[in-house]
Number of protein chains: 2
Amino acid sequence: MPTSADVARLAGVSRATVSYVLNNTTAVRISEPTRRRVREAAEELGYVPHAAARSLRAGHSRMVLMPTPHIPAGPLYSHFLNELQWALRRLDYTVVQHGSVGMSGDEAARAWAELRPVAVLAPGAGTLGPRGVNVLKRSGAKAVLTLGPERVEGAHALLMDQREVGHCAGAHLLSGGRRSIGVIMPAEAGFETFSAPRLEGVRAAAEGTGARVVPLGLAYDEQDAAELAARWPDLGLDAVFAYNDEYAMLLMRALQDAGTGIPGDTAVMGADDLLIGRLLRPRLSTVHLEMPSGQLLAEFVDRVVRDPGGAPEVHHLLGSTAVPRDST
Amino acid sequence: MPTSADVARLAGVSRATVSYVLNNTTAVRISEPTRRRVREAAEELGYVPHAAARSLRAGHSRMVLMPTPHIPAGPLYSHFLNELQWALRRLDYTVVQHGSVGMSGDEAARAWAELRPVAVLAPGAGTLGPRGVNVLKRSGAKAVLTLGPERVEGAHALLMDQREVGHCAGAHLLSGGRRSIGVIMPAEAGFETFSAPRLEGVRAAAEGTGARVVPLGLAYDEQDAAELAARWPDLGLDAVFAYNDEYAMLLMRALQDAGTGIPGDTAVMGADDLLIGRLLRPRLSTVHLEMPSGQLLAEFVDRVVRDPGGAPEVHHLLGSTAVPRDST
DNA sequence: TTGAAAGCGATACCAT
DNA sequence: ATGGTATCGCTTTCAA
């Protein structure tokens, strides 16, 4: 692997000159012929600078580290992430996702800190805690932000408040005259961070109306859904908020197969406004989530990196709107 | 940010000793009291080693770089990736995903090479070409592997042969007596790498049977599906392989709404064997994909890293099986 | 058992 | 306009 010294030797100049040329340093003037010789030498050797060496010398990097979320990202979130990465690269950051499955919060923060990222954009509050934030800041991270349902002490928060989603759904169901609302809680690990606040939101909407709110565990498979559907009549519910469109589809099918009328006997509401909801019969009512613009977020990150002094900011990013269709 | 020198000062020892203690170097014996002092000092200062400095000195890293695929990963692939990352970490690698949207192949390879990863696991053949492989190898990557439908000169190939998927679907449809097979080609960018070989597979299955194979563009939205369904009778098809279960769901709904009987008039087949397919009526026939074990793959990566000399290997990883249900 | 020092690759200051 | 060189944080011989 060729180094800048190799390039220098081949071009017959010093390593300093190589650095000046390849980085287009403006503070120093290099003659055109020299520039050409250096460029050609670099090209010929297939020289690629060593990021670690560079950032060691510079004392900082342009790496934005994004820990991979623990639950698989849906299409909505994937799209948002893509946009964000693209926008960050345009601002000349190197975006890197770090898989941290099976690490405790502090372990994870340490692992991230070892890479000395200039910014960390952590999903949810799953892994990162106040101690982790501290470790990261002390390791030189200029911006530590969380992106998810909760805020974390010391970090900027880009709140995607899941309670709003639940509130939206709850309010819609109540406005349709429903009085007993089931709320699906996915049994799969890692969903609590989202499902708990959604449940809370439904509860908040029901507050004072005298309506009943009942959490219901459900695994994402046919059999569990069938079992739930079998005891549905006993539950005495006239509505259900199914966590999201996929669980809604699962439950709706099971309920229909068990003879429960939708929306007659029970109203079903999803969330995320996926295309599949529109393909169901009856068409699935849902909560549409307005994801934040990746562009805007990237600019926020950049602002914090450039001026790290400020107090942690809290931004609310998620817009929720009920989309009534035929299942409610 | 504290350095090992700070720890040394606080513990009243040399930097060398700090390194020995924190890395549990066995070649050298440090007294227990000293170890304790060093550990306590490191703890107190919140010392986190600097990965860049370490790998600069060592001349190599333990970073496995995985460029993010250009199309959003489905649940199948996400799960597989998680497993792989987990297995790699158990082998003491640091797994990092690098988003490379909007970079040309060679640009991307350079960006990856700057990080001096010990291994690169590139999806598909989307970005990486033979030149890129070369750049990576010369930058010190011990293992360069591609994970997807095509192989790339110079790199090990973990082939997930999409033609098999198409072949499976085609063979199943033909065995049911179908003679005119439509094949859905997603209109969204980035899907060609998967849809083209799947189409090829259907063609191969039809080879010599006299059956007709017709590619059909389809965007993932209701309107486009409705338009396709409207001209369906004119197409004279008695079967369709819908690329995957999601497109199948979309198309099936549109066909049913337009009055086409399934499977009477047209057999519909998906792929991926997602749960949603089982929830449809009629239940969707599909192609089940057996994803490779992340554990096995991690071991392969590790083997190549330890013994980089060997010739590029080609492994076929995808097992496809037709799952007949009610839509065919 | 511990410390001094060389060196990994790149950069930026200070000379020339 | 260009070159010499100290420096970033860490590991690892070699000496003591």
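Remember, predicted model here, so these are calculated numbers, not experimental data. Naming convention: chains lettered A, B, ... in sequence-line order (proteins, then strands); numbering from 1 in each chain.
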Arg306(A) bridged to Asp302(A) by N-O distance under 4.0 Å: yes

When the distance from [atom1] of [X] to [atom2] of [N] is rounded to whole Å, what number comes out?
{"X": "Asp6(B)", "N": "dG9(D)", "atom1": "CG", "atom2": "P", "answer": "9 Å"}
{"X": "Leu45(B)", "N": "dG9(D)", "atom1": "CG", "atom2": "C1'", "answer": "15 Å"}
{"X": "Arg57(B)", "N": "dT11(D)", "atom1": "CZ", "atom2": "C1'", "answer": "5 Å"}
{"X": "Arg29(A)", "N": "dA1(D)", "atom1": "CZ", "atom2": "P", "answer": "6 Å"}
{"X": "Asn24(B)", "N": "dT11(D)", "atom1": "CG", "atom2": "C1'", "answer": "15 Å"}
{"X": "Arg9(B)", "N": "dC10(D)", "atom1": "CZ", "atom2": "C1'", "answer": "15 Å"}
{"X": "Asn23(B)", "N": "dC10(D)", "atom1": "CG", "atom2": "P", "answer": "10 Å"}
{"X": "Tyr47(B)", "N": "dG9(D)", "atom1": "OH", "atom2": "C1'", "answer": "7 Å"}

Verdict with reasoning, Arg303(A) to Asp307(A), per salt bridge (charged side-chain N to carboxylate O under 4.0 Å, His left out): CA-CA 6 Å; Arg303(A) 208 187 76 214; Asp307(A) 175 22; over 6 Å; no

Counting any heavy atom closer than 4.0 Å, what does [X] reach on the DNA or RNA strands: base, sugar-phosphate only, or nothing?
{"X": "Thr25(B)", "answer": "nothing"}
{"X": "Arg54(A)", "answer": "sugar-phosphate"}
{"X": "Ser19(B)", "answer": "base"}
{"X": "Ala16(A)", "answer": "base"}
{"X": "Thr34(B)", "answer": "sugar-phosphate"}

Taking all heavy atoms of [X] and all of [Y], pick out the closest pair and write down the distance.
{"X": "Val304(A)", "Y": "Ala143(A)", "answer": "CG1-CB, 3.5 Å"}
{"X": "Ala119(A)", "Y": "Val305(A)", "answer": "CB-CG2, 4.1 Å"}
{"X": "Val48(A)", "Y": "Arg110(B)", "answer": "CG1-O, 3.8 Å"}

Options dC8(D), dT13(D), dT2(D), nucleotide nearest the side-chain atoms of Thr17(A): dT2(D)

Ser139(B) versus Trp112(B), side-chain donor and acceptor atoms under 3.5 Å: no

Ala8(A) backbone acceptor or donor facing Ser14(A) side chain under 3.5 Å: no

First and last nucleotide of DNA chain C, 5' to 3', lying under 4.0 Å from heavy atoms of chain B: dT1(C) to dG9(C)

DNA chain C: 5'-proximal contact among Ala53(B) and Ile30(B) (nearest heavy atom): Ile30(B)

Qualifying residues under salt bridge (Lys or Arg N to Asp or Glu O under 4.0 Å), relative to Arg36(A), sequence neighbours excluded: Glu40(A)

Contact nearer the 5' end of DNA chain D, comparing Arg35(A) with Pro2(B): Arg35(A)

Closest-nucleotide 5' rank along DNA chain D - winner of Leu56(B) and Val28(B): Leu56(B)

OP1 or OP2 of dG9(D) under 4.0 Å from side-chain N/O of Thr3(B): no

